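The structure presented is a predicted model; accordingly, all values stated were derived computationally and were not measured. Count residues from 1 along the sequence.
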Amino acid sequence: EFENPLRYLLSIREEAEKFGICAIQPPPSWKPPFMLDLNKLRFPTRVQKINELLVRKVQRLKFMKALTEFCDGRGTPLKKIPDVSGRAVD
């Protein structure tokens, strides 16, 4: 039955659809073929800004609140986050 897994799934589909879910356990002897092309396999990465990591998020929020209160106290409301050399102050 498990020579062709897709054919097997199609053969039990009508019965399995009655229940909405179906657990299939392949026989212990079944070894799926390795389907990945290791020459084309790539993992996308992203740049993670250290100052935006979750660990520092609370500290950043406290700093921004204090900075906003300071600016409000001076009568100059904070309209945008200040930057130094093009980088946001944190």
Side-chain angles (χ1 to χ4, degrees):
E1 288 181 324
F2 228 76
E3 287 272 326
N4 184 336
L6 293 179
R7 186 178 306 142
Y8 176 70
L9 290 174
L10 288 173
S11 74
I12 65 166
R13 180 179 178 173
E14 190 176 320
E15 182 70 21
E17 282 181 341
K18 295 176 189 175
F19 303 99
I21 190 167
C22 177
I24 300 172
Q25 249 185 327
S29 61
W30 187 69
K31 302 288 183 230
F34 190 75
M35 301 299 287
L36 294 177
D37 181 356
L38 295 178
N39 294 323
K40 293 181 181 178
L41 182 64
R42 297 287 181 262
F43 291 95
T45 59
R46 64 183 183 97
V47 174
Q48 208 173 28
K49 297 179 182 176
I50 299 298
N51 65 334
E52 294 178 5
L53 291 176
L54 184 60
V55 175
R56 293 191 50 190
K57 187 174 183 176
V58 173
Q59 294 168 346
R60 180 170 170 46
L61 291 173
K62 286 181 183 178
F63 170 77
M64 293 308 295
K65 182 180 179 200
L67 181 60
T68 302
E69 289 172 356
F70 173 77
C71 290
D72 289 344
R74 293 186 62 213
T76 55
L78 184 64
K79 294 185 186 336
K80 69 174 198 138
I81 299 173
D83 64 75
V84 175
S85 300
R87 297 183 71 184
V89 172
D90 65 350

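- Within a 6.0 Å radius of CD in Glu17, more than 12 heavy atoms belonging to other residues, nucleotides or ligands are found.
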Apply the test side-chain contact (heavy atoms from CB on, under 4.5 Å) to residues Leu6 and Leu10: give CA-CA distance (whole Å), side-chain angles for both, the deciding distance (0.1 Å), then the verdict.
-> CA-CA 6 Å; Leu6 293 179; Leu10 288 173; 5.6 Å; no

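- Using a 4.5 Å cut-off between side-chain heavy atoms of Ile, Leu, Val, Met, Phe, Trp and Tyr, with links allowed through other members, Ile12 and Phe19 fall into different hydrophobic clusters.
- One hydrophobic cluster holds both Phe43 and Leu38 under the rule that ILVMFWY side chains link at heavy-atom gaps under 4.5 Å.
- Rounding to the nearest 0.5 Å gives a distance of 11.0 Å between CZ of Arg42 and NZ of Lys40.
- Hydrophobic clustering of Ile, Leu, Val, Met, Phe, Trp and Tyr side chains at less than 4.5 Å, counting indirect connections, unites Leu78 with Phe63.
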Check the pair Ile81 / Leu67 against side-chain contact (heavy atoms from CB on, under 4.5 Å), numbers first and verdict last.
-> CA-CA 9 Å; Ile81 299 173; Leu67 181 60; over 6 Å; no

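- Nearest heavy atom pair, residue Tyr8 against residue Ser11, reads O-OG, 2.6 Å.
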